[in-house]
Amino acid sequence: MNTKKEIEMPEALTLLELPQTLTGEERSLISISKLNLFYDQVQALHNVNMEIYPRRITALIGPSGCGKSTLIKSINRMNDLVADCRIQGSILLDGEDIYARGMDVNLLRKRVGMVFQKPNPFPMSVYDNIAFGPRTHGVKKKAELDALVERALYDAALLDELKDGLRRSALALSGGQQQRLCIARALAVEPEVLLMDEPTSALDPISTARIEELALALKERYTIVIVTHNMQQALRISDQTAFFLLGELVEYNHTLQIFSEPEDPRTDDYVKGRFG
Amino acid sequence: MLKQVISRTVLQEKVAQAVFIVAACCCILSVALICFFLLMGGIPGLAEIGVGEFLFGTAWQPSRGEYGIAYMVLGSLYVTAGALIIGVPLGLFCALYLSRFATARLGRFLQRGVELLAGIPSVVFGFFGLVVIVPFIRSSLGGTGFSVLAASLILGIMILPTIITVSRTALDSVPQQYYEGALALGARHERCVFRVLLPAAASGITAAVILGFGRAIGETMAVVMIVGNQVHLPASLVDGVRTLTGNIVLEMGYATDLHREALIATALVLFVFILLVNLLFNLMKRRAGI
Ligand SMILES: Nc1ncnc2c1ncn2[C@@H]1O[C@H](COP(=O)(O)OP(=O)(O)O)[C@@H](O)[C@H]1O
Ligand SMILES: [Mg+2]
């Protein structure tokens, strides 16, 4: 589509030194190599190689159906739910192959949290929503749970809004609050990685801005992988950006590099809004 | 030519519509007629006996002009409660299994079984109770075997299809995103099912229980055959009772005058129970959104 506005680069940013490559500068937390993924006969990911670095925000962009959701669902093995999904290649989390035979999937999902496109708080109280994860992983003491819930609410910037409404039904919250509650719920199990699949696509601009702020604050402690349809959002919050097309990783680099001087003309077309 | 075709289809539509309306009216009309019959037939008797005396009186001796149904109300409630205690957990676990654990093929097979169970006539259940359950209770627990326990067991089985089908619908309609949300937090499948899906389906499951209650309290033939039918307060689970439905079917054949009116009033009481149950059910259904 030609109607999209071109993204304006803030001048100060373009003046920054942009490293040419991502490799070799620091140890990655998630290492995806030679990943091929098939849904039955249809190949959804083609030979994806990608390093995801700790305490950064990595954005996945690309047109609908290019495999972004498929890729992040591979990182916490939510693809296991799809009966005829086949995976080749490897994904290492901190050096450990998550598709290895002895892997404890539930432990993996505790370490790699996920926030979905549509806010999906459970139909129970705010407190029980957040306490669900810790309870799942064996926390029983009330005082301990209370502390974890409060901490998670604080981290998700919800404490002020909700500290007197812990017994309220989560379904009574606004869409933006529900999504932050889902983030709090994911944080309550103390994950290392937070996967977010278009977390703001169902939200209004103000709620979106709050989630973006939140993501920026959380990257101090968490490794965040976010799928987004919104170029501005990727530019605003991410450190690295990966551009996907038809199941292929076309280009992966520092976000500023991707948006200012992409190496691949297809990336250039996409980020400048020439197709979408 | 075209015009003719159009006018013919219009005519057909009109006729079809008329047929539907008549059918719908028949349905409503029969409910209204039953209501009318029960009220007309029951109220004079109720007035003569006295509502308090009728509902709370414990003696039922038509020959002496004593018409108290309190023990039969209790009897109905006992066997119904027994049926729910047996049928609800069993049915709920079945529904959970069918909805979230069984493979598609096994699920279809079991579903057939449930449908078959729903299709068995109640006299067959009664007969089964008479030749299997009653002798078993007699030999293992004592008494005659005709008992609250026997009726509860049979009714518990009879309400299974209702409980299973309605709670399964409720479980199936819980959004998949709740399941995925729980799974993504590292919860095992069972935990997702029992701690997230089950509570989320609570109002639908309550609806299933209410419907099962209605089915059990209204059941007649199977119960009459195995429950003993004595009008008294049962001393234990292996003691017999009489239910409201049993009272009507046992005496309607020869009752006349006030006795007959008292039986119709018994049916009226039953009808009010069922009405309340339906009201509750609809309330729950609306809450569950199914
Ligand atoms: N469960 C599934 N079964 C079969 N095909 C799927 C499934 N999920 C996604 N796909 C296919 O995989 C491709 C990538 O989908 P997806 O990862 O959802 O893309 P994106 O998130 O980038 O929009 C699409 O062609 C889609 O049709
Ligand atoms: Mg997607």
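In what follows, chains carry the letters A, B, and so on, assigned in the order in which the sequence lines appear, proteins first and then strands, with residues in each chain numbered from 1.
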Q: Classify the angle between the aromatic ring planes of B:Tyr178 and A:Phe122 as parallel (below 30°), tilted (30 to 60°) or perpendicular (above 60°).
A: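 It falls in the perpendicular class, over 60°.
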Q) What is the ring orientation for B:Phe194 with B:Phe93, classed by angle as parallel under 30°, tilted 30 to 60°, or perpendicular over 60°? A)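 Rings of B:Phe194 and B:Phe93: tilted, 30 to 60°.
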Please classify the contact of [X] with chain B as side chain, backbone, both or neither, using a heavy-atom distance under 4.5 Å.
| X | result |
| --- | --- |
| A:Arg185 | both |
| A:Pro121 | backbone |
| A:Leu107 | neither |
| A:Val112 | backbone |
| A:Phe116 | side chain |
| A:Leu187 | neither |

Q. Looking at A:Arg55, A:Arg111, A:Arg221, which hits salt bridge (charged side-chain N to carboxylate O under 4.0 Å, His left out) with A:Glu192?
A.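 Answer after filtering A:Arg55, A:Arg111, A:Arg221: A:Arg111.
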Q. Quick one: do the B:Thr169 and B:Asp172 side chains pair a donor with an acceptor below 3.5 Å?
A.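 No donor-acceptor contact under 3.5 Å links the two side chains.
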Q) Between A:Phe132 and B:Arg195, is there a cation-pi geometry (under 6.0 Å to ring centre, at most 45° from the normal)? A)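 Judged by the rule (NZ or CZ under 6.0 Å from the ring centre, within 45° of its axis), B:Arg195 is not positioned above A:Phe132.
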(Q) Can you tell me which portion of B:Ala182 sits under 4.5 Å from chain A's heavy atoms? Options are side chain, backbone, both or neither. (A)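 Answer is both: backbone and side chain atoms of B:Ala182 are under 4.5 Å from chain A.
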Q: Ignoring hydrogens and angles, tell me if any N or O in the side chain of B:Thr220 forms a donor-acceptor pair with the backbone of B:Gly218 under 3.5 Å.
A: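 A pair under 3.5 Å: yes.
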